[in-house]
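See structure below.
All heavy atoms count here, side chains included; hydrogens, waters and symmetry mates do not. Just so you know, ligand 1 is whichever comes first in the structure, and atom 1 is the first atom listed for that ligand.
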Amino acid sequence: MGGRRLAALAGVVAVAAALAVGELLAGLVDGVPSLVTSVGAVLVPFVPPALESWAIQTFGTSDKAVLNAGTVVLTLAVGAVAGVRGPRGGARIIGVLGAVGLMAALASPLRAPAATLLAIGAVVAVGVLTLRRLLRRLPATPATEASDAPAAGGDERAEQANDASRRSFLTAAVGALAAAGVVAVAGRALTRRRAGDIAAAARDLPQPSRALPPVQPAQAFSDVEGLTPILVPNDRFYRIDTALSVPRIDVDTWSLRITGMVEEEVELTYDDLLGMRLVERDVTLSCVSNEVGGDLVGNARWLGVPLVDVLELAGVQDGASQLVGRSVDGWTAGFPTEVAFDGRESLVAVGMNGEPLPRQHGYPARLVVPGLYGYVSATKWLTEIELTTLEAFDAYWVPRGWSKLGPVKMSSRIDVPRSGASVPAGATRFAGVAWDPAVGVQAVELRIDDGEWVPCETTEPLADTAWVQWKVDVDLAAGDHIAEVRMTNAAGDLQVQEYAPPRPDGATGWHSVRVRVRDA
Ligand SMILES: Nc1nc2c(c(=O)[nH]1)N[C@H]1C(S)=C(S)[C@@H](COP(=O)(O)O)O[C@H]1N2
Ligand SMILES: [Mo]
C-alpha cells in the first residue's frame, strides 16, 4: 500500500469513528438524531421518484437500510479525501461533514437543537483527533517512493523500519475500525431499545364503548401451518413509510388539528381524543405497491375515534371535497371527503391489536380508512386533518406518478404451500387469505393446471372490511403443478385475471404458485 492509500485509509477510519460516535450519542441522548439517517433524509428528495418507488418495491422497508448504507459509503469516501489532504486539510473537510450533518439533523423533526449541536461537536472532534493520531503513525517514507528510488546503499535498515511502522499503522487503523464497528452497532441497538421503551411507556388506553368479542373459532383456521394469522401481530405487521427514523412523539405536547374548510378549527390533545367515543374495528390495510401474491397487506383490530365524530366537532363546509391527513414529518395523504361520510366508518386510530399504536405504525394516532390504499388514506403520526378541495392539493405520492384516487382492488393470495415447495403425492392442503375491504369476500376458488375451479372453505368474516382465510385440500399426482387462486367479492364481482403492475393504482392478477409433487 502506498503512502497516499494509507493516508486515505486513515481518513476513512477517522470518519468511521466519528460516525460511530454519532450513532452512540443518538442511542444515548434523547432528541439527538442519527446523523446517518438525518443526512439520508436530506438526500431522499434528490432520489428520482422512479428509483424511490423501485426501492420500496424491491427492498420493502429495507429501502432505508439501502439508503443508510449509501449515505455511509458516500461519507467514508469523503473521509478518504480528507485523509489524503493531511491533518489540517483533513480536519477542515471533517468540519464540513459535521456542518452538513448539523443542517440535516436540525431539518429532521423532533430533535433537541442544543444536545444535537454538542453531539456533533463531539463527533467532529473524534474524527479530527483520530485522523491526526493515525496520520502521525504513517510510515515516514511512503513505501512506493522508497521502492521507486534507486536503492542507495544501506537503505535496507530504513526499509525495515518502514515495514515495521507500516504494520503498526495498519494495526492501529484496523483496531480503530473494529472499535468503530462495535460502537456503531451498540448505538443502533440502544436506539432500537429506546424506541421500544417509548411504546411501552405509552398510557393505557381506555376501554372502547363498542368492543369486539374475541376472535371466534369459526373466524380463523388454527390448523394450517404457515397460514398468515387472521389478526397479524403488531411486530409482524408490514410497514411502509418514507420516515427514515420513526418519529418519537411526546403525547403531552402532541395535538391533532382539524383545519381548512371547516366551520371552526379544532385542536385536540391526546387526552381529548381518548376522552371521545372509542370503537374497535377489524380492517385490512394494504399498500398500493403490493405485488400479486405480495405481503404488503395485513389485518388488524384497530381502536379509535370514528372519523365522523372528529369531523363533526369542526363542521365540514360544503365543497370541501378532499380530506388531507398530515403527519408530523410532513408526509400527506388525501382522499374524497365523501368517503369519510359514506358509512364505512373510518377511524382516527390510537390502538392496534389491543395495544397503543406502536411507533412504527403511527403512535400516537393515525387514520384507518377501510377500502382505500394506505398511500391515499392511512396517515401515521397524524397531526392535522385539513379539509380542502381535490383540485387544490395533491398529496405526497400523487406528483410521484401514483393515482389520485386509491380504492383497494380485491385480491387473494396463496400462503401454503410456498411457491417452489416440494410435497408428497396425495392430498395437498392449500391455504391463504382474500380481501376486499370495501364490500367483503363472498367466495374463493382454486384450480390446478388450468383445471376446474374448486371452491375453498373460508373463515367466517370478522367484518366486511377484514380479510378472510381460505383453505382447500386437493389430490395431486407426482410432477410439477401450478395452483391459482381467485376470489369473488360480496357484490358478486370476480377478481380481475389480467395482470397489472402496482403502479399507478394497484396490481391485479390471480396469484399462482408452482409445486413439485414427489412420488409418495
Ligand atoms: N406519515 C406517514 N404515514 C403513512 C405513510 C408514510 O410514508 N408516512 N405511508 C402510507 C402507506 S404507503 C401505507 S401502505 C401505510 C402502511 O401502514 P403500516 O406501516 O402501519 O403498515 O401507511 C401510510 N401512512
Ligand atoms: Mo403504501
Could you please spell out the steps behind the salt bridge (charged side-chain N to carboxylate O under 4.0 Å, His left out) verdict for D223 and R429?
CA-CA 11 Å; D223 57 342; R429 167 153 298 180; 3.3 Å; yes
Is any side-chain heavy atom of V251 closer than 4.5 Å to a side-chain heavy atom of Y363?
yes
Using a strict 4.0 Å cut-off to heavy atoms of [X], name the atoms of ligand 1 that fall inside it.
X    : result
Y375 : 11 (C), 12 (S)
D329 : 1 (N)
F237 : 21 (O)
S327 : 1 (N)

Below 4.0 angstrom, N of the basic side chain to O of the carboxylate: do D329 and K380 qualify?
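No, this pair does not count.
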Does the distance from a Lys or Arg side-chain N to an Asp or Glu carboxylate O, for E267 and R257, drop under 4.0 Å?
no
Test: R344 cationic atom under 6.0 Å from F335 six-membered ring centre, within 45° of axis
no
How long is the span from the [atom1] atom in [X] to the [atom2] atom in [Y], to the nearest 0.5 Å?
X    : Y    : atom1 : atom2 : result
T337 : D342 : OG1   : CG    : 11.5 Å
T242 : L67  : OG1   : CG    : 11.5 Å
T488 : D493 : OG1   : CG    : 8.5 Å

In the protein, what heavy atom is nearest to [atom], and what distance, to one decimal place, separates them?
atom                    : answer
atom 24 (N) of ligand 1 : A378 O, 2.9 Å
atom 13 (C) of ligand 1 : G374 CA, 3.7 Å
atom 9 (N) of ligand 1  : I240 O, 3.3 Å
atom 19 (O) of ligand 1 : K380 NZ, 2.5 Å
atom 4 (C) of ligand 1  : W331 CZ3, 3.4 Å

Atom 15 (C) of ligand 1: which of R239, R366, H361 has the nearest heavy atom?
R366
Among W381, W402, Y238, closest by any non-hydrogen atom to atom 21 (O) of ligand 1:
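Closest candidate by heavy-atom distance is Y238.
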Ligand 1 contact on L296 by region, counting heavy-atom pairs under 4.0 Å
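It is neither; nothing of L296 touches ligand 1.
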C287 and ligand 1 - part of the residue with a heavy-atom distance under 4.0 Å
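Both backbone and side chain.
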Within a 6.0 Å radius of atom CD on Q216, are there more than 12 heavy atoms belonging to other residues, nucleotides or ligands?
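Result for CD/Q216: enclosed.
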